[in-house]
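Comments concern the structure below.
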Amino acid sequence: MTSGADHEFGNLSTDLKLSLVEGYLKAFTSALRSKFPELWYIDAFAGTGERTVKTKAVPALNFLPAIEEKIERRRGSARIALDVSPCFDRIVFMDKKRKHCAALETLKAEFPAREIDIVRGDANAAILAELSSTRWVGKRAVMFLDPYGMDVAWSTLEAIRRTEAIDVWYLVSLAGLFRQASHDPKNLTARKRAAITRMLGTDEWESEWYRFTPPVADLISTIDETHLRIADVDAMEQFVGKRLKALFPAVLPPRRLRSDRGVPSFSLFLAISNPEPKAIGLATKIGNHILKART
Ligand SMILES: C[S@@+](CC[C@H](N)C(=O)[O-])C[C@H]1O[C@@H](n2cnc3c(N)ncnc32)[C@H](O)[C@@H]1O
């Protein structure tokens, strides 16, 4: 049975996502440990430190025996970051759910000698508060943005970019964009428009993703105007990539993540805020190696 503190989320590609980020965290601290006095990890959608994976029971059928329900608890991003060696000097966990923050406090208690801060609240506000109170000299950080949906505001990414010290792994919800950008623009409400614009930091997506065909009249009839979304999920991913590249000095080709039914659901991007060629070179080398190596 699952308990009240269980955090069930994700699918098969969640393991891939977490293994990519873990690979980067390990390589990051190994490469920079001797070069920077302080290495930080900021997990802005931290969860509980654990992921509960439930496999449904299957009743016996013909000659096949019944299979019992299976409940597994796997490491979430918070615990993964705490396990990284060489270790981070400071870790900040953020989550808006009280129950998740309580679970993170329990996790923190396992590591009394480590500097771990837990912030409860909306990630955008928490990130802005954290970044505005930090001097980045002598520090480098990795941030993980792992929302369920379209929670990250463009202004948050701008603040991250300004630090010139953070490498950010950003899970972009393609499913969220696809849902909000209704195929028929009659269903594109002001609220949906605002959600997409807040995430992408521009309203230019609308003219790129929709085509308006004016009405055509001949002697017999008038063919109605059409105005439909022409962008598919690839075009949306490309648009996000273009936006990120316009903001960050370097952005790696993303890793597409799919639902268990094979539907594209997320794109995992790595963006580097430090404009120095050496920093970009190192982050790109590690990131590309990890992104290409793991399937
Ligand atoms: C996909 S889960 C993160 C999983 C986590 N990275 C892990 O691997 O265990 C998303 C988390 O973000 C939290 N969350 C959702 N919206 C948020 C927001 N606006 N600000 C901060 N946390 C939020 C949820 O409570 C949830 O714990």
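All figures in this text were calculated on a predicted structure; none of them were measured in a lab. Quick note: residue numbers are just sequence positions, from 1. Atoms within each ligand, like the ligands themselves, are counted from 1 in listed order.
- When all heavy atoms of I160 and I127 are compared, the pair lying nearest together is CG1-CG2, 4.3 Å.
- The protein heavy atom nearest to atom 19 (N) of ligand 1 is D122 OD1, 2.8 Å.
- Listed by number with element, the atoms of ligand 1 under 4.0 Å from a non-hydrogen atom of D151 are 16 (N), 19 (N).
- Residues L104 and G49 approach most closely at CD2-N, 4.2 Å, considering heavy atoms.
- Listed by number with element, the atoms of ligand 1 under 4.0 Å from a non-hydrogen atom of G47 are 27 (O).
- Near A46, with a cut-off below 4.0 Å to any heavy atom, the atoms of ligand 1 are 5 (C), 7 (C), 9 (O).
- We find the CG-CG distance between L282 and N274 to be 10.5 Å, quoted to the nearest 0.5 Å.
- Atom 14 (N) of ligand 1 has its closest protein heavy atom at F45 CD2, 3.8 Å.
- Residue-level proximity to ligand 1 for T48 is absent, since no heavy atom of it falls below 4.0 angstrom.
- For the pair R198 and W154, the NZ or CZ position fails the cation-pi test of under 6.0 Å to the six-membered ring centre and within 45 degrees of the ring normal.
- Judged by the shortest distance from any of its heavy atoms, H100 lies inside the 4.0 Å radius around the atoms of ligand 1.
- No donor-acceptor distance shorter than 3.5 angstrom exists from the side chain of D167 to the backbone of I272, with no hydrogens or angles considered.
- Considering both main-chain and side-chain atoms, S77 comes within under 3.5 Å of ligand 1 through a nitrogen or oxygen pair.
- Classification of the F93-Y41 ring pair by plane angle, with boundaries at 30° and 60°, yields perpendicular.
- In this structure, NZ in K292 is found 8.0 Å from CG in L252, a value given to the nearest 0.5 Å.
- Not a single heavy atom of A78 sits closer than 4.0 Å to an atom of ligand 1.
- Near G121, with a cut-off below 4.0 Å to any heavy atom, the atoms of ligand 1 are 20 (N), 21 (C).
- Screening residues 229-272 for ring-ring contact (aromatic ring centres under 6.0 Å, His included), with sequence neighbours left out, gives W209-F239.
- The protein non-hydrogen atom at the shortest distance from atom 15 (C) of ligand 1 is K96 CE, 4.0 Å.
- Annotation: A123 places an N or O atom under 3.5 Å from an N or O atom of ligand 1; distance criterion only.
- Taking OG1 of T197 as the reference point, atom CD of E204 lies at 10.0 Å (rounded to 0.5 Å).
- Residue D146 holds the heavy atom nearest to atom 1 (C) of ligand 1 of all those in D146, D95, I80.
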